Amino acid sequence: MILTLQKHLTGFYLAENPKTSFRSQKSPYVCCESPVSYLSPSCVPSVLESPSPEPTVTRSFGKFICEVTPQHLSPVVLDRSKRMVLDSIGVGLIGTSTQVFQLALQHCQHMYGPDGVSSVYGLKGTRLSPTLAAFVNGVATHSMDFDDTWHPATHPSGAVLPAVLALSDMMPVNHKPSGLDFLLAFNVGIEIQGRLMRFSNEAHNIPKRFHPPSVVGTMGSAAACARLLSLDDVQCSHALAIAASLSGAPMANAATQSKPLHIGNAARLGLEAALLASRGLEASAFVLDDTPGVAGFSAFYEDYAPQRLEMPNENSPFLLEVQDMGFKRFPAHLGMHWVADAASSINKLLVEAGTGSLLPDQVKEILIRVPKSKYINRPFPESDHEARHSFQFNACTALLDGDVTVQSFTPAAIERPELHALLNCVRVEHPHDNPANFNLMYGEVQVTLRGGDMVTSRCDTFYGHWRKPLTNESLRKKFRDNATTVFPSEQVEGLIEAVENLDRMDDCTLLLSKLQ
């Protein structure tokens with residue numbers, strides 16, 4: 001009884017957190033009062049203080065989210081995270097042209113009452129509730145599988161950025177986060193994802209059971225939003241635990257229209273978890289700990305071996321400082337970029353040799369050596385979603401055209417007779433030295449011509465991989481190509497400037513305004 005009473009007196013409520021900057025009488029998240037705040041101190045039974053227990057892994061994550069400051073962000077982390085924000089916005093904008101985005105948007109507009117709070121990418125005058133805006137913008141971001149990828153394998157930005165943008169939209173005009181606070185929250189969401197995946201060897205490989213962003217992305221979204229809401233360390237821990245109960249999606253839905261929902265739900269449900277925690281909803285205090293006989297986060301990774309999370313320092317910096325992000329040059333599963341680069345090299349070699357582009361009647365066999373991964377081994381894809389997850393399709397497209405682009409996944413391009421003629425020539429091998437791991441794999445394409453000549457090309461690191469990152473010039477070109485499908489060039493250039501100067505802005509209003 002004493003402990004319960006004191007817990008209520010302390011009250012884990014956003015309105016009682018002195019650090020909270022989100023203050024609006026219109027918001028339900030700032031009007032909570034302690035249920036027993038009317039009791040005087042004399043009514044509270046006294047108890048002897050006991051030594052503080054050793055902090056749990058879960059609590060250490062909560063303290064990290066709560067206590068990390070903008071001063072912990074190095075110039076390298078700031079630069080890399082701004083590149084991620086820019087790229088994610090660009091792929092989200094072009095993603096609004098897809099059918100899956102339109103279906104998700106129509107569903108939200110039809111099934112839920114209008115609540116004009118947070119904006120939708122590229123649609124002036126279209127606003128939804130914050131959680132639904134996070135959802136549809138997350139769907140747009142992954143609708144073409146064009147978003148960034150990290151190692152261990154996940155898509156970190158699409159799960160976090162839409163949630164942070166929607167929450168920033170939700171905040172009162174005179175209490176918008178500064179650009180630096182915005183980037184801090186974003187980086188917290190990225191860091192939490194990276195830390196959780198590094199506690200499992202299984203997570204380092206291309207997934208088989210569930211799509212990682214639907215798990216760690218939800219946790220990262222919750223962490224970022226909890227930080228932006230200035231929740232205390234206990235509330236931050238609860239936000240993560242609530243998010244764990246809202247996580248998970250099976251790999252069977254890869255290469256379908258449902259896969260983009262994974263990112264949309266990660267953004268939406270992470271935001272939901274943080275808002276519920278801000279109201280005082282509680283969850284397990286041990287969800288990230290290794291508790292014998294009780295599955296917490298180990299429900300997702302059986303070899304999960306957690307460690308407490310320390311504040312960033314010289315010996316333990318932000319993970320983004322240590323490892324850059326992978327950015328895609330064309331909209332397809334990351335594994336496709338190895339075989340596309342290898343096949344493009346063969347096309348270039350044949351053109352330079354004077355034989356011209358590869359013709360199907362010249363080809364006897366196309367051998368592709370790639371890792372064994374069932375869901376990206378699709379000999380004859382029938383849709384753009386399947387094509388984005390097909391080693392065979394991307395290799396043959398690059399052999400024919402010398403490149404893979406956004407237009408490669410249109411119905412007309414997918415149905416080309418010459419492409420299907422090449423697909424019929426493909427044989428796939430899975431060498432033992434080629435693991436299903438984005439940090440270790442390679443792609444090799446070997447073309448045997450009917451005259452007996454053989455041409456082989458191998459790609460160990462494609463351009464855009466974290467070991468061979470896109471230059472700023474290449475990243476801006478990708479952004480311009482994507483964003484100009486929705487916005488005029490002047491607005492696109494304004495967006496580039498806003499993102500690149502975000503850490504120097506007093507608030508993020510300018511960025512928010514340029515997204516419509």
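Along the sequence shown, residues carry numbers from 1. This one's a predicted model, so the numbers in the text were calculated from it and none came from an experiment.
- Checking Thr98 against Ser143 by side-chain atom types alone, a donor-acceptor pair falls below 3.5 Å.
- Between Arg476 and Glu500 there is a salt bridge, with a side-chain nitrogen of the basic residue lying less than 4.0 Å from a carboxylate oxygen of the acidic one.
- The backbone N or O of Pro250 lies less than 3.5 Å from no partner atom in the side chain of Arg209, so there is not a single donor-acceptor pair.
- With Arg83 contributing its side chain and Leu470 its backbone, the two residues share a donor-acceptor pair below 3.5 Å.
- When atom types are taken as modelled, the side chain of Thr405 and the backbone of Gln407 share a donor-acceptor pair closer than 3.5 angstrom.
- Each of His151, His155, His333 was compared with Phe438 under the ring pair (Phe, Tyr, Trp, His ring centres under 6.0 Å) criterion, and only His333 meets it.
- Here the side chains of Val406 and Phe146 are in contact, with some heavy-atom distance below 4.5 Å.
- Under the 4.0 Å criterion applied to side-chain N and carboxylate O atoms, Lys328 and Asp145 are assigned as salt-bridge partners.
- The aromatic rings of Phe300 and Phe210 sit perpendicular to each other, their planes meeting at more than 60°, with 30° as the lower class boundary.
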(message) Determine whether Thr397 and Phe409 satisfy the following criterion, side-chain contact (heavy atoms from CB on, under 4.5 Å), listing intermediate values before the conclusion.
(response) CA-CA 10 Å; Thr397 296; Phe409 301 94; over 6 Å; no
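- Remark: Asn437 CG is packed, more than 12 non-hydrogen atoms of other residues, nucleotides or ligands lying under 6.0 Å away.
- Cation-pi contact between Arg80 and Trp150: absent, since separation from the ring centre below 6.0 Å together with deviation from the ring axis within 45° is not met.
- Between Phe462 and His337, the two ring planes are tilted [angle within 30° to 60°].
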(request) Run the numbers on Lys477 and Glu473 for side-chain contact (heavy atoms from CB on, under 4.5 Å), then give the verdict. (result) CA-CA 6 Å; Lys477 182 183 185 303; Glu473 181 181 359; 5.8 Å; no
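- With a 6.0 Å cutoff to the six-membered ring centre and a 45° limit on the axis angle, Arg378 does not count as a cation-pi contact of Phe393.
- Under the 6.0 Å distance and 45° angle rule, Lys514 does not count as a cation-pi partner of Phe487.
- With salt bridges taken as basic N to acidic carboxylate O contacts below 4.0 Å, none links Asp481 and Arg329.
- A donor-acceptor contact shorter than 3.5 Å links the side chain of Arg198 to the backbone of Gly194.
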(request) Mind running side-chain hydrogen bond (donor to acceptor under 3.5 Å, both in side chains) on Asp507 and Thr509 for me, showing each step along the way? (result) CA-CA 6 Å; Asp507 66 54; Thr509 302; 2.7 Å; yes
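- Using a 4.0 Å cut-off between charged side-chain N and carboxylate O, Asp401 and Arg416 make a salt bridge.
- Looking at heavy atoms from C-beta onward, Asp181 lies in side-chain contact with Pro70 at the 4.5 angstrom threshold.
- Taking 4.5 Å as the limit, every side-chain heavy atom of Ser408 sits out of range of all side-chain heavy atoms of Phe330.
- Between the side chain of Asn394 and the main chain of Ala387, a donor-acceptor pair closer than 3.5 Å is present.
- Side-chain atoms of Gln102 come within 3.5 Å of backbone atoms of Thr96 as a donor-acceptor pair (strictly under, hydrogens ignored).
- Within a 6.0 Å sphere centred on NZ of Lys372, other residues, nucleotides and ligands contribute 12 heavy atoms or fewer.
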(message) Using the rule given for side-chain hydrogen bond (donor to acceptor under 3.5 Å, both in side chains), can you reason through Ser119 versus Asp169, listing the C-alpha separation, both sets of side-chain angles and the distance that settles it, and then say yes or no?
(response) CA-CA 7 Å; Ser119 62; Asp169 260 332; 3.2 Å; yes
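- More than 12 heavy atoms of other residues, nucleotides or ligands shown are found within 6.0 angstrom of CD on Glu418.
- Each of Thr149, Asn439, Asp148, Asp324 was checked for a side-chain hydrogen bond (donor to acceptor under 3.5 Å, both in side chains) with Trp466, and the lone residue meeting it is Asn439.
- Side chains of Val91 and Met144 form no contact here, defined as non-hydrogen atoms less than 4.5 Å apart.
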